[in-house]
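Only a predicted model underlies this, so the values are computations on that prediction, with no experimental measurement involved. Within every chain, numbering begins at 1; the chains are lettered A, B, ... in the order of the sequence lines, protein sequences first and strands thereafter.
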Protein chains: 2
Amino acid sequence: MSDPDILISEVGPRDGLQNTKIFMPTEAKKRWISALAAAGLREIEVCSFVNPKLIAQFSDADEVVAHAVTLPNVAVVALVPNFKGAERAAKTAARKISLPISASEAHSVSNVRKTIDEQVAELSRIVELRRAGGATFEINGGISTAFGCTIQGEVKQADVLRLVERVVAAGADSVSIADTVGYANPKQVREVFAAARRIAGAKLDAAHFHNTRGLGLANCLAAIEVGVRSLDSSMAGLGGCPYAPGASGNVITEDLVFMLESMGLKTGIDFAKLLDARRVLEDALPGAEFHGHLAKAGLPKGFKEAA
Amino acid sequence: MSDPDILISEVGPRDGLQNTKIFMPTEAKKRWISALAAAGLREIEVCSFVNPKLIAQFSDADEVVAHAVTLPNVAVVALVPNFKGAERAAKTAARKISLPISASEAHSVSNVRKTIDEQVAELSRIVELRRAGGATFEINGGISTAFGCTIQGEVKQADVLRLVERVVAAGADSVSIADTVGYANPKQVREVFAAARRIAGAKLDAAHFHNTRGLGLANCLAAIEVGVRSLDSSMAGLGGCPYAPGASGNVITEDLVFMLESMGLKTGIDFAKLLDARRVLEDALPGAEFHGHLAKAGLPKGFKEAA
């Protein structure tokens with residue numbers, strides 16, 4: 001398999017399910033993740049090592065990771081909200097962990113019950129855990145609410161860039177930047193990612209957008225224009241924001257793959273198998289709301305995937 | 001009122017209603033168009049002068065135009081499928097007519113029952129009508145299926161560009177380019193509009209995208225990047241394609257305005273009044289399918305429109 005031009009990191013099993021009230025049975029999660037891998041997704045965020053008392057959806061995180069790591073050609077990612085989560089992840093074979101660090105103080109306290117400073121300290125502890133031989137995973141710092149916050153409103157670019165610098169300084173292998181609440185616009189995306197690249201260099205990793213206001217794909221396009229080569233997305237736009245009823249959640253994987261492939265950018269993903277994986281998901285979450293244009297409209301007549 | 005950075009041409013009353021089975025009462029059309037104008041839309045395609053036996057929705061075209069032209073600061077546009085439609089439009093005070101000319105021979109015959117050559121001849125007849133004093137409207141040639149066709153599949157860029165040349169040569173005041181079926185991608189959009197600009201210069205007018213595969217806003221962004229300053233869109237993404245059940249139709253006006261204003265590009269449109277206009281539309285078409293993220297999610301906290 002040749003390297004894709006753009007790496008799509010499927011976050012549905014984590015970001016999507018985190019926002020879904022229905023518990024997806026462990027066996028169904030495994031089937032879905034297997035189907036995603038079979039479609040050609042090479043990086044999948046499969047769970048969160050959050051306290052199961054807070055989010056019951058991820059009470060089976062260990063078992064889900066244990067399954068996912070058996071799949072060929074898939075980098076298995078797990079979200080960890082804190083050091084304790086990283087310790088749990090360290091006991092699994094997850095390839096990478098991602099620690100969310102809010103650029104908004106208000107969101108940080110609300111989301112992980114820690115100030116930004118305290119969360120950066122968690123990152124340092126995780127780096128230290130690995131240095132001391134207690135873990136082998138890659139460490140990603142995921143800067144959340146980087147384009148605005150539903151609590152504090154505007155988030156200053158200077159605050160985001162300072163956090164990029166701190167995450168790199170703390171020893172993260174990579175930094176991703178997330179529009180957690182669907183506030184970003186393409187101009188802002190170009191500015192933030194171009195400036196972050198100057199700070200983080202090759203450590204600048206994925207862009208993570210939500211489609212809450214419909215700008216998900218336009219923001220992905222803007223990110224690609226300034227050199228981003230890894231994009232998070234979620235099958236069927238699963239998730240959604242509890243504060244925006246009816247709005248879709250993450251960028252929709254199927255539509256993103258269509259945009260990229262139609263532009264001649266290889267993703268390594270097979271459309272037919274991707275739609276198979278969507279059916280596995282639909283069967284596993286009866287009654288949930290599924291988004292996506294491509295799944296409804298189908299591929300254009302005579303469409304060719306990027307060679 | 002200062003000039004907007006981007007002119008949004010609202011095509012819902014034409015392109016949207018053309019694809020809607022429910023007849024919207026004439027008084028409701030007037031109310032909706034008035035509300036659109038009050039929100040700051042400065043160009044509205046209000047109807048089609050198509051044979052009412054073919055599309056009953058536009059049997060009241062004369063009355064709708066007569067109302068729309070009384071609204072201040074609105075350029076009233078009417079679609080005309082052929083010379084006969086232009087003759088009808090000439091008896092009204094419509095500011096501009098738009099004649100669709102397919103870049104796909106198969107679509108041309110299916111859509112207007114004429115070959116491409118015959119449709120270009122219609123354009124010439126309309127130009128001659130005006131030259132002879134029989135009309136005062138501006139004349140736009142709207143190149144449809146410019147990015148692909150549901151009947152013939154691929155449409156070659158060379159065919160589109162030759163048609164741009166012919167439309168200008170025939171004496172049209174402006175040329176717009178449309179992705180009638182939602183096949184376009186941002187790379188293709190940049191290529192086609194940049195090349196068309198080299199041929200048509202300042203006569204290159206609006207980009208018209210459908211959101212059938214979710215790429216509407218990304219395509220608008222790509223068009224802006226290569227200098228397009230007029231974009232067609234439809235309130236609530238009204239319309240949809242009969243061949244793509246559940247897929248939304250045109251680019252959604254509310255979401256487009258949000259993208260542009262959030263990027264600092266002035267549209268001259270007031271969000272609160274735009275959502276008022278959407279409510280007028282919803283009341284006028286009970287049971288129809290309305291799209292749009294912004295209408296569901298609302299504006300971001302602390303959002304500022306472009307000054």
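Residue Leu221(B) touches chain A through its side chain alone, counting heavy-atom pairs closer than 4.5 Å. Neither the backbone nor the side chain of Glu254(B) comes within contact range of chain A; no heavy atom of the residue lies under 4.5 Å from a heavy atom of that chain. Heavy atoms closer than 4.5 Å to chain B are found in the backbone of Ile151(A), but not in its side chain. Proximity to chain B (any heavy atom under 4.5 Å) is restricted, for Leu299(A), to the backbone atoms N, CA, C and O.
Annotation for Asp255(A) and Leu215(B): closest pair O-CD1, 4.2 Å, computed over non-hydrogen atoms. Between Met259(A) and Ala218(B), the shortest heavy-atom distance links the atoms SD-CB, 3.9 Å.
With chain A as the partner, the residue from Leu217(B), Asn219(B), Leu260(B) showing the most heavy-atom pairs under 4.5 Å is Leu217(B). Most heavy-atom pairs under 4.5 Å with chain B, from the set Gly148(A), Cys220(A), Gly292(A), Gly298(A): that is Gly298(A). Ranking Pro300(B), Gly302(B), Cys149(B) against chain A, the residue ahead of the rest is Pro300(B), based on heavy-atom pairs under 4.5 Å. Each of Gly182(A), Gly153(A), Gly214(A) has some count of heavy-atom pairs under 4.5 Å with chain B, and the biggest count is that of Gly214(A). Of the residues considered (Gln152(B), Glu154(B), Glu225(B)), Glu225(B) shows the highest number of contacts with chain A, using heavy-atom pairs under 4.5 Å.
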Open item on the list: Working note: Leu294(B) + Arg213(A), criterion side chain to side chain contact (heavy atoms under 4.5 Å, CB included); need CA distance, chi angles, decisive distance, verdict.
Closed with: CA-CA 5 Å; Leu294(B) 190 82; Arg213(A) 286 170 186 80; 4.2 Å; yes
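Atom NZ of Lys114(B) sits in a crowded spot, with more than 12 heavy atoms from other residues, nucleotides or ligands closer than 6.0 Å.
Chain B is approached within less than 4.5 Å, heavy atom to heavy atom, by Asn185(A), Pro186(A), Lys187(A), Arg190(A) from residues 185-197 of chain A, ordered by number.
Checking side-chain atoms of Tyr183(A) against main-chain N and O of Phe303(B) turns up no donor-acceptor pair under 3.5 Å.
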